[in-house]
Number of protein chains: 2
Amino acid sequence: MTQLLLIDDDKELSAMLAEYLRSEGFEVDAVFDGLSALEKVKVQQYDALVLDVMMPGLDGFGVLRHLRGYSAVPVLMLTAKGDEVDRIVGLEMGADDYLSKPFNPRELLARVRAVLRRSQQSTELVADNSPLVVGKLKMDMSSRTAMAANRVMELTSTEFNVLYFLLRQVGHIVTKEMLSQSAMGRSLEKYDRSIDMHMSNLRKKLSQYGLPLRIVTVRGQGYQLVDKA
Amino acid sequence: MTQLLLIDDDKELSAMLAEYLRSEGFEVDAVFDGLSALEKVKVQQYDALVLDVMMPGLDGFGVLRHLRGYSAVPVLMLTAKGDEVDRIVGLEMGADDYLSKPFNPRELLARVRAVLRRSQQSTELVADNSPLVVGKLKMDMSSRTAMAANRVMELTSTEFNVLYFLLRQVGHIVTKEMLSQSAMGRSLEKYDRSIDMHMSNLRKKLSQYGLPLRIVTVRGQGYQLVDKA
DNA sequence: CGACCTCTTTACACACCTTTACAAAGCTTT
DNA sequence: AAAGCTTTGTAAAGGTGTGTAAAGAGGTCG
């Protein structure tokens, strides 16, 4: 069953949308403010979020910014202003799609489905552990080996995890928190510089093996693997 | 030419609205009952419908329900004053927007345009990070690089974010609040001058790389990127 | 045990971002 | 037109985040 979380302070609209989405076969939870949403997401795994921008207290952008520090769950944003700029701000902050209020519920349904379809495609890649290839770099999770143009890369275990995670998100920013979780299985603590050191070492190895890949620092946000070719 | 169909049993109001919308550049047909409306849409393709709920015979809901069996044409509904239930029923049945009577014709115009814009937008691909090109400047989010006529621009992370946001809105004013949200991920606080400093630095770099782009200040409102070419 | 490997922490330099401070420009009030 | 207030431009100071060498802390293996 596909689980959705609806976050909108307009309770009447929420109820209506929830009912409509349930009638289409989704399991729907609804909360009416940003903080409740963050709490909900902590204890329950959702397939997608429908998030209103305009809310008292923590608004939609705030929720999204917080969320993107540790989660890649698909988010569809709703905004009252039919304003293109809000849409772009949202998308740049990591929303997956956008719908301006008022909207046709059927369009919401179509977009929720589209967002789910897209995320499904990328999680299929995740679930399957067939080799991941970008340019001259090939990484195989099942044998935990990395090949740089047919040459085996000598990577430590953590380096492998870090590079693998970066490679899966090539072209996108990943936060240190995400890297810490996925490569070392723990939360990032204050003054923890491990990730930085692994990055430093990985950069050396990338150039040492002549790979046209760069690890770009995005100050205050994280790192991004870039394919120069 | 954009084609509209007006459906309202009030002939005097219809005539007035039709004339007003024509003066704004639309092609407008008007009918005065639900059945005529359904016949009209069978033989003619409209870009949007303006549909009154309260009509003798087949009312607006009836028209909409029938219509949605075979058409996705954008529909703007006119409802009785402050009738919340009508609004919800209408949206649930697939209306794209609603307006309560009596209304300002200019608001009708704005909403018709909004509905048209949305219906056009909804087919566009969303969350797109393909390179953005304006004149000699090309910015690519997936590699976080900016090229000034084939020369890589040396930009800091935040400068990149700011310029990217300005570029997406080239020719339009963007507020400092929006810039702060999209480039730094936080709200603009009072006495916060960071954006101003980034603008100052970006202006230096734009001229340093010989780009024919100016960052224009719009006092009290924000900034605007202008292509001089 | 010591030699080796890996990961983490420390330490310092540097780059980047924000704040401060003041000058200048623009708008409003008198 | 002058005075007063607000907003903006920008140099410089201050604070924070990042790069990386080196030392420390565990672990494994002979």
Side-chain angles (χ1 to χ4, degrees), chain A residues 65 68-69 92 144-146 152-166 173-208 213-226, chain B residues 144-146 152-166 173-208 213-226:
Chain A
R65 177 164 58 252
R68 283 290 178 253
E92 261 169 58
R144 291 189 68 82
T145 52
V152 175
M153 286 183 80
E154 307 254 336
L155 298 176
T156 69
S157 179
T158 305
E159 283 165 9
F160 181 89
N161 291 341
V162 169
L163 186 55
Y164 189 79
F165 193 78
L166 283 171
I173 299 172
V174 297
T175 64
K176 291 189 184 186
E177 174 64 31
M178 289 174 183
L179 286 164
S180 185
Q181 285 291 353
S182 80
M184 283 118 63
R186 59 175 152 87
S187 227
L188 188 73
E189 302 298 325
K190 220 177 175 186
Y191 308 123
D192 187 341
R193 307 298 310 282
S194 292
I195 291 290
D196 304 67
M197 282 313 301
H198 290 303
M199 288 300 158
S200 177
N201 296 328
L202 268 175
R203 280 172 169 147
K204 279 184 206 157
K205 293 196 180 178
L206 285 176
S207 75
Q208 178 189 317
L213 292 166
R214 254 183 325 148
I215 295 172
V216 174
T217 305
V218 185
R219 189 189 157 96
Q221 293 186 252
Y223 296 94
Q224 176 174 338
L225 187 67
V226 168
Chain B
R144 290 190 70 84
T145 52
V152 175
M153 286 183 80
E154 307 252 334
L155 298 176
T156 68
S157 282
T158 305
E159 283 165 9
F160 181 89
N161 291 342
V162 169
L163 186 55
Y164 188 81
F165 192 78
L166 283 171
I173 299 172
V174 298
T175 65
K176 292 188 185 185
E177 172 64 30
M178 290 167 185
L179 285 163
S180 185
Q181 283 291 353
S182 82
M184 282 118 62
R186 60 178 151 86
S187 233
L188 189 73
E189 303 298 325
K190 221 176 173 186
Y191 308 122
D192 187 340
R193 307 299 310 282
S194 292
I195 291 290
D196 305 67
M197 282 312 302
H198 290 303
M199 288 301 160
S200 177
N201 296 328
L202 267 175
R203 280 171 169 148
K204 280 184 206 157
K205 293 197 180 177
L206 285 177
S207 75
Q208 178 189 318
L213 291 166
R214 256 183 323 149
I215 295 173
V216 174
T217 304
V218 185
R219 189 188 160 91
Q221 295 193 62
Y223 295 94
Q224 178 175 353
L225 187 67
V226 171

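Values reported hereafter were calculated over all heavy atoms of this structure, with side chains retained and with hydrogens, waters and symmetry mates removed. All chains are named by letter (A, B, ...) in the order of the sequence lines, taking the proteins before the strands, and each is independently numbered beginning at 1.
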Check your understanding: Rounded to whole angstrom units, what separation is found between the CG atom of B/N161 and the P atom of C/dT18?
Key -> 11 Å
Practice item. Whole angstrom is fine here: how far is it from CG in A/D196 over to P in D/dT18? Key: 7 Å
**Study point:** Any B/T217 side-chain N or O less than 4.0 Å from OP1/OP2 of D/dT7
**Key:** no
Point to revise | Heavy-atom donor-acceptor pair, A/R203 side-chain to D/dG19 base, under 3.5 Å | key: no
Review point. Taking only residues two or more places apart in sequence or in another chain, which ones pass side-chain contact (heavy atoms from CB on, under 4.5 Å) with A/V218?
Key: A/I173, A/Q221, A/Q224, B/R144, B/S157
Point to revise | side chain to side chain contact (heavy atoms under 4.5 Å, CB included), paired with B/M184, selected from B/I195, B/N161, B/L179 | key: B/I195
Review point. Mind checking whether A/L163 and A/H198 have side chains closer than 4.5 Å, heavy atoms only?
Key: no
**Study point:** Close side-chain approach of B/M197 and B/T158, heavy atoms under 4.5 Å
**Key:** no
Short N/O separations, protein against nucleotides 2-6 of chain D, under 3.5 angstrom:
{"from": "D/dT6", "atom 1": "O2", "to": "B/R219", "atom 2": "NH2", "distance (Å)": "2.8"}

Review point. Can you name the residues that form a side-chain contact (heavy atoms from CB on, under 4.5 Å) with A/Q181, not counting sequence neighbours?
Key: A/E177, A/S187
Review point. Rounded to the nearest Å, what distance is computed from the CD1 atom of residue B/I195 to the P atom of nucleotide D/dT8?
Key: 12 Å
Practice item. Sequence neighbours left out, what passes side-chain hydrogen bond (donor to acceptor under 3.5 Å, both in side chains) with A/T145? Give chain and number order. Key: A/S143
Just the table, please: protein N/O against nucleotides 4-7 of chain C N/O, every pair under 3.5 Å.
{"from": "C/dC7", "atom 1": "OP1", "to": "A/T158", "atom 2": "N", "distance (Å)": "2.8"}
{"from": "C/dC7", "atom 1": "OP1", "to": "A/T158", "atom 2": "OG1", "distance (Å)": "2.7"}
{"from": "C/dC7", "atom 1": "OP2", "to": "A/T156", "atom 2": "OG1", "distance (Å)": "2.4"}

Practice item. Give the rounded distance in Å between these two atoms: CE of B/M199 and P of D/dT10. Key: 12 Å
Point to revise | Length of the line joining B/R214:CZ and D/dG9:C1', which is rounded to integer Å | key: 16 Å
**Study point:** salt bridge (Lys or Arg N to Asp or Glu O under 4.0 Å) partners of residues 181-190 of chain B, not counting sequence neighbours, each pair once
**Key:** B/R186-B/D192
Can you name the atoms? Protein N/O to nucleotides 21-25 of chain D N/O, anything below 3.5 Å, with the distance.
{"from": "D/dA21", "atom 1": "OP2", "to": "A/K204", "atom 2": "NZ", "distance (Å)": "3.0"}

Practice item. Round to the nearest Å and state the distance from B/E189 atom CD to C/dT19 atom P. Key: 9 Å
**Study point:** For atom CG of A/L188 and atom C1' of D/dT18, their distance in whole Å
**Key:** 13 Å
Review point. With sequence neighbours excluded, what pairs up with A/R219 under the side-chain hydrogen bond (donor to acceptor under 3.5 Å, both in side chains) test?
Key: none
Study note, to complete from the structure: salt bridge (charged side-chain N to carboxylate O under 4.0 Å, His left out) filter on A/R214, not counting sequence neighbours, yields none
Review point. Just how far, in rounded Å, is P of C/dT8 from CZ of A/R193?
Key: 13 Å
Practice item. State which residues pass side-chain contact (heavy atoms from CB on, under 4.5 Å) with A/M178; sequence neighbours excluded, sorted by chain then number. Key: A/F165, A/V174, A/T175
Review point. What residue pairs, at least two apart or across chains, pass salt bridge (Lys or Arg N to Asp or Glu O under 4.0 Å) with a residue in residues 193-208 of chain A?
Key: A/E159-A/K205, A/K176-A/D196, A/R193-A/D196
Exercise for review: Answer yes or no: does a side-chain N or O of B/Y223 lie under 4.0 Å from OP1 or OP2 of D/dG9?
Suggested key: yes
